[in-house]
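First comes the structure, then the notes that go with it.
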Number of protein chains: 2
Amino acid sequence: MKIGELAKQSGLSAHTLRFYEKQGLISPSTRSESNYRIYNQNDLSTAKFIKRSRDMGFSLEEVEVFLSIRADKPAHICADAKDIAQQKIVDVGQKIKEMQQVLVALHKLSDACCGGSESAEFCSIIEALDDRPLTDHTSHQDKQVGTKEDVA
Amino acid sequence: MKIGELAKQSGLSAHTLRFYEKQGLISPSTRSESNYRIYNQNDLSTAKFIKRSRDMGFSLEEVEVFLSIRADKPAHICADAKDIAQQKIVDVGQKIKEMQQVLVALHKLSDACCGGSESAEFCSIIEALDDRPLTDHTSHQDKQVGTKEDVA
DNA sequence: CTTGACCTTAGACTATACTCTAAGGTCTAG
DNA sequence: CTAGACCTTAGAGTATAGTCTAAGGTCAAG
Ligand SMILES: [Zn+2]
Ligand SMILES: [Zn+2]
Ligand SMILES: [Zn+2]
Ligand SMILES: [Zn+2]
């Protein structure tokens, strides 16, 4: 099959397949007389393998290692594959933790702000980002300044 | 103060400060005779504001909006700031969910593999990424092939 | 024989946020 | 005066993973 067909069947774009070829991940088993890339079922398996690996969060570099294991299984041991998976688990877990902390901070930041159409003069978000301690102004009642009517 | 001093006090590098200047986020209040950037306490506040915003996960583009709110608070309303924070919360929450799903998939992938020094011939990680259903081989006992001695 | 779909290549561009380099000018302490 | 620290600029490089373009060749159908 030609690249367009492989793209359709693998879920990768033709562009991406050529890009992967440049990166050394996959290459067509043959070329047609007119130099078109011709892929076979084996190539399709490989393309799907790459796609599945990417979907699992592995980088192209890691996929490369998986491919080399897959290409010659007896030459590798389970630890080769599992080490990568374990490391990815650690990395993803770490990132999740970081993002959860960010999320908590964001909630604190956001919850203190009324979010209404009042002037941002006392907006706790801006104040908190500025330097000052987080002051709750979910209501602006207590800090009327008179420069603006209460719009809300 | 010169850029090096601002860098020290703000926690941003001089390089980054110049980069932010190019992006229109912060600029020195004056220049010395020799064209050095000269910053004042106000600039320091701004630099710290940017750093805090970045640490909260906001993009430079979002920081720019916060800065414009901060620069003229009466011209803005709380919703302007809160909308950004809320959107960020949604985005971060979404990413966390995605990563958690990836994490679950990774665990499934990894847990089925023995991770030992056995040949990867039956490695469930490779098999699962390949196409085949996830086969547990935490023990290789049941699939002796005889091509290799049991190394473990 | 032409139209349109599909293919080829090298290389530029996207996004995000820096990070660093080269080549040179300025300033301060000893 | 000189070494070394610090500053200036424009522009290139880093990382990741594509995504797209230009300019052209190939192929099947009508
Ligand atoms: Zn408010
Ligand atoms: Zn507010
Ligand atoms: Zn195993
Ligand atoms: Zn295994």
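Within every chain, numbering begins at 1; the chains are lettered A, B, ... in the order of the sequence lines, protein sequences first and strands thereafter.
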Listed nucleotide nearest any side-chain atom of B:L60, set C:dA17, D:dT8, C:dT19 =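 That would be C:dA17.
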Subject >> Of the listed nucleotides C:dC7, D:dA17, C:dA17, the one nearest the side chain of A:F19 >> reply: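 Within the option list, the nearest is D:dA17.
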Please list, pair by pair, any protein nitrogen or oxygen found under 3.5 Å from a nitrogen or oxygen in nucleotides 21-25 of chain C.
residue: C:dG25; atom: N2; partner: B:Y36; partner atom: OH; Å: 2.6

>> Measuring to OP1 and OP2 of D:dG18, would you say a side-chain N or O of A:Y20 lies under 4.0 angstrom away?
In response: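 So the side chain of A:Y20 is within the cut-off, an N or O lying under 4.0 Å from OP1 or OP2 of D:dG18.
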At less than 4.0 Å, is any side-chain N or O atom of A:R54 found next to OP1 or OP2 of D:dA17? Yes or no.
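Yes, such a contact exists.
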Whole angstrom value for the distance that separates [atom2] of [N] from [atom1] of [X]:
| X | N | atom1 | atom2 | answer |
| --- | --- | --- | --- | --- |
| B:I3 | C:dC27 | CD1 | P | 16 Å |
| B:K22 | D:dA12 | NZ | P | 11 Å |
| A:R31 | D:dC27 | CZ | C1' | 17 Å |

In this structure, which one of B:R70, B:K48, B:R52 forms a salt bridge (charged side-chain N to carboxylate O under 4.0 Å, His left out) with A:D130?
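Considering B:R70, B:K48, B:R52, a salt bridge (charged side-chain N to carboxylate O under 4.0 Å, His left out) with A:D130 is found only for B:R70.
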- request: Tell me what A:R18 touches on the nucleic acid: a base, only sugar-phosphate, or nothing, going by heavy atoms under 4.0 Å.
  value: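 Base, at least one base heavy atom under 4.0 Å.
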Please classify the nucleic acid contact of B:S59 as base, sugar-phosphate, or nothing, using heavy-atom distances under 4.0 Å.
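B:S59: backbone/sugar contact only, no base atoms under 4.0 Å.
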Which of residues 88-103 of chain B sit near DNA chain C, with a heavy atom under 4.0 Å from it?
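DNA chain C contact set from residues 88-103 of chain B: none.
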Quiz prompt | Where B:R54 and B:F58 come nearest, the two heavy atoms and their spacing | solution =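 Looking at all heavy atoms of both residues, the closest pair is NH1-O, 2.6 Å.
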Quiz item: Mind checking what makes side chain to side chain contact (heavy atoms under 4.5 Å, CB included) contact with B:K51, not counting sequence neighbours?
Solution: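 Testing B:K51 for side chain to side chain contact (heavy atoms under 4.5 Å, CB included), a comparison that skips the adjacent residues, returns B:L12, B:D55.
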Considering only NZ, NE, NH1 and NH2 on the basic side and carboxylate oxygens on the acidic side, decide whether B:E98 and A:K95 come within less than 4.0 Å.
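Here B:E98 does not pair with A:K95 in a salt bridge, since their nearest N and O are not under 4.0 Å apart.
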